[in-house]
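First the structure, in the form of structure tokens, and then the observations on it.
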Amino acid sequence: MPELPEVEVVRRGLARWVAHRTVADAAVLHPRAVRRHLAGPDDFAHRLKGHRIGTPSRRGKYLWLPLEDTGEAVLAHLGMSGQLLVQPHEAPPEKHLRVRVTFADGLDTELRFVDQRTFGGLSLHDTGPDGLPDVIAHIARDPLDPLFDDEAFHLALRRKRTTVKRALLDQSLISGVGNIYADEALWRSRLHYERPTATLTRPRTAELLGHVRDVMNEALAVGGTSFDSLYVNVNGESGYFDRSLDAYGREGLPCRRCGTPIRRRPWMNRSSYFCPTCQRAPRAS
DNA sequence: AATTTTACCTGTAGGC
DNA sequence: TGCCTACAGGTAAAAT
């Protein structure tokens, strides 16, 4: 569930509580949590030890902690249920605690990676000249990135033979959008999820991008979206945007624009929520 | 070559 | 009580 706004909330928490601290020790409690670190758990822990953490960065749903003076960064992806928590040393270990990082300073807190479904993980990678970890070079800039190219995005949509929701979830075209914010932006844009991208006019693409940005900024302002305790900030607190959702999770409830009950449809092993009146299905689908 | 499907995971809810 | 299925779903490998 963590999408761009939730990951950004976590990044800000790390910037406040973890940046500029020196790692004393790292313990990997579940090898799957570092499976993207090909050299293995021991290498991961060893290479963290003794290094100072710089300012956390983010692209889409990925965030990373640069290690000063090494040209490397700790890359994190929360997957479905990953949490990065700043906890007091004496806090009892969480049920799904996977990685624990302690610091060489007088502060009482440590960094914990907790992940129930283990789709997320941590890994160490070299960074390029722009500071981006090399393994996420294929991830597109996200819509809140000042350098996101709206025109290039539109041209890519016109060129592709796919549908609009697939395109929104394609992290090589636009990053940071997941199932929740895709459905929300499509509802605001009155676009059906199966609309072919090649039929979108330049103004329609601009409107869609505007709604993607609006919904993400609004979610960010209230700390992100949480349906349960699986998404929390570094202090373990939930966000409030679930109260503002117009489509996602509202099957059977009246559309806030026209009153028609919102529908849920199975879609790519997940669900799409939409208003059948406001978001008309395309003819040739 | 581009596009679509599947595997990876665990916990919860609901039906019988 | 307990067994079964559906669902949550991002990413990347595999299949088409």
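Model, not experiment: these values are computed from the prediction.
- Taking only side-chain atoms of A:Lys160, from C-beta outward, the nucleotide of C:dA8, B:dT3, C:dT11 with the closest atom is B:dT3.
- Every residue two or more places apart in sequence or in another chain was checked for a side chain to side chain donor-acceptor pair (under 3.5 Å) with A:His77, and none qualifies.
- Linking ILVMFWY residues whenever their side-chain heavy atoms come closer than 4.5 Å, directly or via other members, places A:Val177 and A:Leu191 in the same cluster.
- When the nucleotides C:dG10, C:dA12, B:dT5 are ranked by their closest atom to the side chain of A:Arg166, B:dT5 comes out on top.
- Between A:Leu169 atom CG and B:dT5 atom P there is a gap of 14 Å when expressed in whole angstrom units.
- Between A:Arg47 and A:Glu72 there is a salt bridge, with a side-chain nitrogen of the basic residue lying less than 4.0 Å from a carboxylate oxygen of the acidic one.
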Using nucleotides 14-16 of chain C, report all nitrogen or oxygen pairs with the protein that are shorter than 3.5 Å.
none

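- Rounded to whole Å, atom C1' of C:dA8 lies 15 Å from atom CH2 of A:Trp267.
- With B:dT5, B:dT3, C:dA12 as the choices, the nucleotide that has an atom nearest any side-chain atom of A:Arg161 turns out to be B:dT3.
- The CG-P distance, from A:Asp170 to B:dT3, rounds to 9 Å in whole Å.
- Using a 4.0 Å heavy-atom cutoff across all strands shown, A:Tyr181 reaches no nucleic acid atom at all.
- For the pair A:Glu110 and A:Arg100, the salt-bridge criterion is met [side-chain N within less than 4.0 Å of a carboxylate O].
- Rounded to whole Å, atom P of C:dA12 lies 14 Å from atom CE of A:Met268.
- Nucleic acid contact class of A:Asp115 (heavy atoms, under 4.0 Å, all strands): none.
- For A:Thr109 and A:Arg21, the side-chain atoms include at least one donor-acceptor pair closer than 3.5 Å.
- Residue A:His77 has a polar side-chain atom (N or O) positioned under 4.0 Å from OP1 or OP2 of C:dT11.
- When the nucleotides C:dA12, C:dG10, C:dA8 are ranked by their closest atom to the side chain of A:Lys61, C:dG10 comes out on top.
- Residue A:Tyr62 contributes atom OH, which lies 5 Å from atom P of C:dT11 at whole-angstrom precision.
- Side chains of A:Gln87 and A:Glu94: a donor on one and an acceptor on the other come within 3.5 Å.
- Listed candidates were C:dT11, B:dT5, B:dT6. Nearest to the side chain of A:Gln171 is C:dT11.
- Between A:Thr162 and B:dA2 there is no side-chain polar atom (N or O) within less than 4.0 angstrom of OP1 or OP2.
- In this structure, the CG atom of A:Asn179 is 14 Å from the C1' atom of C:dT11, given to the nearest Å.
- Nearest to the side chain of A:Arg36, among C:dG10, B:dT6, C:dA12, sits C:dA12.
- Between A:Met80 atom CE and C:dC7 atom P the separation is 14 Å, expressed in whole Å.
- In summary, the side chains of A:Ser271 and A:Arg264 do present a donor paired with an acceptor at a separation below 3.5 Å, with no hydrogens or angles considered.
- Looking at heavy-atom distances under 4.0 Å, A:Arg159 makes no contact with the nucleic acid at all.
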Original post:
Reading nucleotides 8-13 of chain B from the 5' end, what letters show protein touch, with B for base, S for backbone sugar-phosphate only, - for no heavy atom under 4.0 Å?
Top reply: BBBS--

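- The closest side-chain donor-acceptor pair between A:Gln279 and A:Tyr273, if any, does not fall under 3.5 angstrom.
- Ion pair A:Asp149/A:Arg141 not flagged as a salt bridge, since none of the NZ, NE, NH1 or NH2 atoms sits closer than 4.0 Å to an Asp/Glu carboxylate oxygen.
- The shortest non-hydrogen separation linking A:Leu65 to A:Leu14 is CD2-CD1, 4.0 Å.
- Put simply, CZ on A:Arg270 is 15 Å from P on B:dA7, counting in whole angstrom units.
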